[in-house]
Amino acid sequence: MTRSDHDQIMFKPELKVQPGAVRKPNDCWHVLIVDDDDEVHHVTRLALSRLTVLGRPLQLHHASSAAECLKTLATLDDLAVILIDVVMESEDAGLKAVRHIREIMERHEVRIILRTGQPGYAPEESVVREYDINDYKTKSELTHNTLTTVMISSIRSYQQIRTINQNRLGLQKIISAGASLMEQHSLHEFSEGVITQISSLLGLRAEGLLCAHAKLDDEESEEDVYIMGAAGSYAPYIRHKLDGIEDAHIARLIHTCLQQKQHIYTDDESVLYLGNEHHKAAVYLQTRCTVSEQDKALLQVFLNNIAIGYENVSLFQQLRNTAYIDPLTRLANRNEFTRLLETQQDCHVAPQVAVLIDIDHFSDVNDGLGQEIGNELLVAVASRLKTAFGDSGVVARVDADVFGVIGEEFNLTPQSILALFESPFSTRDQVLTINASIGIGRLRELGDHGLTMLKRVYIALNSAKKENTRHFEYYARAMEEEKEQRLQLIRQLRIDFALQKLRIWYQPQYDLKTRRIVSLEALLRWPQADGSFIPPGVFIPIAEYSGLILSIGAWVLESVCAQIAMFKTAGIKDMRIAVNVSMPQFRSPQFVSQVAHAMKRHGVTGGELELEITESVLMDDPEAIILCLTRLKALGVRISIDDFGTGYSSLSYLRRLPLDKMKVDRSFVRDLGKQDGGIIAETIVRLGENLGLVTIAEGVETAEQEQMMIAMGCREAQGYYFARPMPLEDLSDLLQTKH
Ligand code: C2E
Ligand code: CA
Ligand code: CA
C-alpha cells in the first residue's frame, strides 16, 4: 500500500470532521481504529463495515499512531469505541494514549478495546481496571466473529453509560432548577423559569408559554385562562388571555390539556399538565420534534418536583392580587395598569394618553344607597368604558371609584369621555346620573417609570377635581413643581409650628354706633427668617390639606382662651375674641369637646369666645352641622358666619342654624363705590337683620365705605380703616382708649 492509499484509508474525505460542522448526533456509532499496521485497518474495515448495533450503522475513523488517535478523538465528542494497538510509536504508545484519554482528556464514556501483536505485551490487570479498558485481545484472538461481538458489547455499554450520565445530568438540572424556582415569588417569573428549565432539559431553545386559570371565584370558565409566563417569541403574550393568542390551535391544545389533566405530545409540540386538585396549569412548548420516552420520563420527574413550588407561588400570587385583575369589574387592576403604563408607550406609533376617571361623590352613592348599588354602578361604568375604549386601548380599575384608560390621544379626549357620562347608569333598581372628573397625561410627558407615570396622572386628576367649571385637566410639569413647592411648604410649616414660631395677631372689630372695639379677630401669622410673613391665605389651605390644621387650630383655640383669661386679669372686661375654624376641624368628632376643655381650663364663659365659620363649611353636612352648632351654643360660644355671600346657603337652612353674627364679605364692601355696588351688601345686611343677627362689614378701608355701611344699618365693622391686624403688644394702647 502506497502512502497515498494509506492516507485515503485513514482520512477518507467524508470522515474528516471539521470543527463546527454539523453532524446529526446519534445516527451512527463512531468507532476509531488506531494501529500503525495498514493491514489491520483494512481487515477491521472488512469485518465491521456491515455491522449495525441497536439499529445504527458504524462510522469508522482511522489513526495510525497514538498521537493521531488523540487528535482525532478531540474532534469527536460522541466517539463510542476506540480499538487501539498497544505497540506503535513506542512499546507502550497505546497504553499511554489510553491514560491520556482517561486522565487528561477526562473522556470516561468512550469504550476502549486494546489489542497487541504478542501476548507478552498484555497490560497488567490493574491497568485494565484503572483505565476502564473494556476488553483486551491479542490480534490473533480478534477473529471476525470475536471482533463483532466485542464491538457490539462495547457499543452497548457505551450507550448505557451515556444514558446514565445524561439522566444524571438531567436530574442534577432538575434539582437545581427546582431549587431556583422555589425562590421565585411571582407567578410570572416562576412560569418563565419553568419554560426555560424544561427547554434546557430537552436541549431546546426556550420557546413556549405557561397558562393557568386566573381564579377569580370558584367557578372557572375557559375564558379565564391566562398566559402567566412565556419565553421566546411568545413573550409578548404574557398576562394576556389565552384566547387572545393568534394561533387558535395552541389555545385549543392548552384547553384540552387543562380539561383532561394530561400531557399532550404531538410530533412537534408538547403540552405538559402541571397541577393538583387546587391549581392547574399547562406548559406549552414548541419542541419541533418528537419527545423521546426517556425525555418524557425526565419531564415527569421535573413536573412532580415543581408542582409544590407552583402551588406555593400560586397561593402567594393570589394573596398579592391574582393575575392583575380587579375581581369586581374584571378589568385590569392598579398593578396591571401601572405596569401597562410603562410598556404601552413603546408599542404604538400614534401618541398615547393615560386617563384617570374619578366618579364624583361616589361615596354618597355607597353610603346612601348601599354598597351593592355602589358595586353595580361601578360595573356599569366599567362596561361603558370598556365598550367605548376597550378595543383600541386598556381599561382598568385603579382605585375604588377611579378608572384608568390608556389609548390613542385623538380617541381619548375629555369630550369623548365626558360624553359617556351624559346618560344615566342603570343598576338593578336605580337609574343614577353621575359626573366624573378626568385627569389626562400624554405618555411621552409622564416619564418612564410606571408608578411615577400614575402619580402624574393623579396630579392632573386632583387638579381637575379642584376645578369647578370644567371637569378635566391635562398633566403639565408645572403642576408638579407647584405640588413640590406645596410639599416643601407643608414640611416647613410642620417644623415651624413645632418650634412655636407661629404667631397670633389680632384685628379689632368696632361697633359702628359707639366706634368702640367690641371684639377681636384672631388671625394667624407665619413669620419668616427675613422678617416677612407667609400670608394665611397661602398656608391655611395647605395646613387644611395636610391635616396639620387640626393641631394648629387646637393651639389657636387654646391660646385665645388663655388670652381671654389674661384680659380679664388685666381688667379688660367683655373682650370677646373670634377664632376662625376650618372645615377639617369642624368635621373632627373631638372638636366640640376640645372647645369645651379649652374654655374650662381658662375659665372662659359664655359670650367671650366666638367662632367664625365660613358659609361653605356650614353647607357641608346640614344635620351634622346643626347638631354641632347646637352643642357649641350650649357652651355659650357665639357663632359668626364668615365670608357671607360667597356661598349658596338657602334662607330656610340659615334659619335653622343657631347663629349670632353675619360677616359681609370683603368683596361686597370693596364694591360699594361702584355703580349698583351697594345692592348686594344691602341685601345681605337686611337678610342678617331679618334673621336676627348682628351684621359686621369686613375689609372697610375708607370713611366712605364706613358711611355707606352705617346707612344700610350695618352694626359693626372691621378693616384697615379702623385697625390692621397686629401683635398683642401693639394692641394694648388701642384697647386702653377704644374699648
Ligand atoms: P378671613 O377670616 O376672611 O379674615 C379676614 C382677612 O381680611 C384677614 O386676612 C385680614 O388681615 C384681612 N383684612 C382685614 N381688614 C382688611 C381690609 O381693610 N382690607 C383688606 N384688603 N383686607 C383686610 P389674613 O389675616 O390674611 O387671613 C386670611 C384668611 O386666613 C382669613 O380670612 C381666614 O380665613 C384664614 N385664617 C387666618 N387665621 C386663621 C386661623 O387661625 N384659623 C383658620 N382656620 N383660618 C385662619
Ligand atoms: Ca374670619
Ligand atoms: Ca372673612
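Everything numeric here is computed off the predicted structure, so don't read it as measured data. Whatever order the structure lists them in is the order used to number ligands and atoms, beginning at 1. Sequence positions, counted from 1, serve as the residue numbers for this chain.
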Metal proximity, [X] vs the Ca ion (ligand 2), N/O/S cut-off 3.0 Å:
| X | value |
| --- | --- |
| Asp643 | no |
| Glu521 | yes |
| Ser640 | no |

Next item on the list: Please state whether Lys663 comes within less than 4.0 angstrom of ligand 1, counting heavy atoms only.
Entry: no
Item checked: Under-4.0 Å salt bridge between Glu480 and Lys483 ->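 Here Glu480 does not pair with Lys483 in a salt bridge, since their nearest N and O are not under 4.0 Å apart.
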Checklist line | Electrostatic pair Glu689-Arg715, nearest N-O below 4.0 angstrom | finding: yes
Contact check: [X] vs ligand 1, nitrogen or oxygen atoms, below 3.5 angstrom:
| X | answer |
| --- | --- |
| Pro536 | no |
| Glu544 | no |
| Gln718 | no |

Item checked: Heavy-atom pair with the smallest gap, counting every atom of Glu445 and Arg456 -> O-NH1, 4.3 Å
Check: Any side-chain heavy atom of Glu473 within less than 4.5 Å of one from Asn462?
Finding: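 Of all side-chain heavy-atom pairs linking Asn462 with Glu473, none is under 4.5 Å.
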Margin query: Heavy-atom distances under 4.0 Å decide this one: backbone, side chain, both or neither, for Pro725 against ligand 1?
Written below: side chain
Notebook entry, point to check: Is ligand 1 under 4.0 Å from a heavy atom in the side chain of Ile540, in the backbone, in both, or in neither?
Noted result: side chain
Atoms of ligand 1 close to [X] [distance to a heavy atom under 4.0 angstrom, numbered from 1]:
| X | answer |
| --- | --- |
| Asp643 | 3 (O) |
| Glu701 | 17 (C), 18 (O), 19 (N), 20 (C), 21 (N) |
| Glu521 | 2 (O), 4 (O) |

Checklist line | Stepwise salt bridge (Lys or Arg N to Asp or Glu O under 4.0 Å) check, Glu610 with Arg638 | finding: CA-CA 4 Å; Glu610 187 164 84; Arg638 287 170 55 100; 3.2 Å; yes
Donor + acceptor pair across side chains of [X], [Y] (<3.5 Å):
| X | Y | result |
| --- | --- | --- |
| Gln430 | Thr427 | no |
| His597 | Glu558 | no |
| Gln509 | Ser519 | yes |

Checklist line | Option nearest atom 6 (C) of ligand 1 (shortest heavy-atom distance, choices Gln705, Arg724, Gln509, Arg666) | finding: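 The nearest heavy atom belongs to Arg666.
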Notebook entry, point to check: Just going by heavy-atom distances, which of Val669, Val700, Asp642 is nearest to atom 2 (O) of ligand 1?
Noted result: Asp642
Notebook entry, point to check: Which value, rounded to 10°, describes the OD2(Asp642)-the Ca ion (ligand 2)-OE1(Glu612) angle?
Noted result: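 About 90° at the Ca ion (ligand 2).
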Check: Stepwise, does the side chain to side chain contact (heavy atoms under 4.5 Å, CB included) test hold for Ile417 with Phe389?
Finding: CA-CA 9 Å; Ile417 303 164; Phe389 306 115; 3.9 Å; yes
Note to self: Please verify the inter-ring angle class for Phe425 with Phe421; under 30° counts as parallel, over 60° as perpendicular, anything in between as tilted.
What the structure shows: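 Ring orientation of Phe425 relative to Phe421: tilted.
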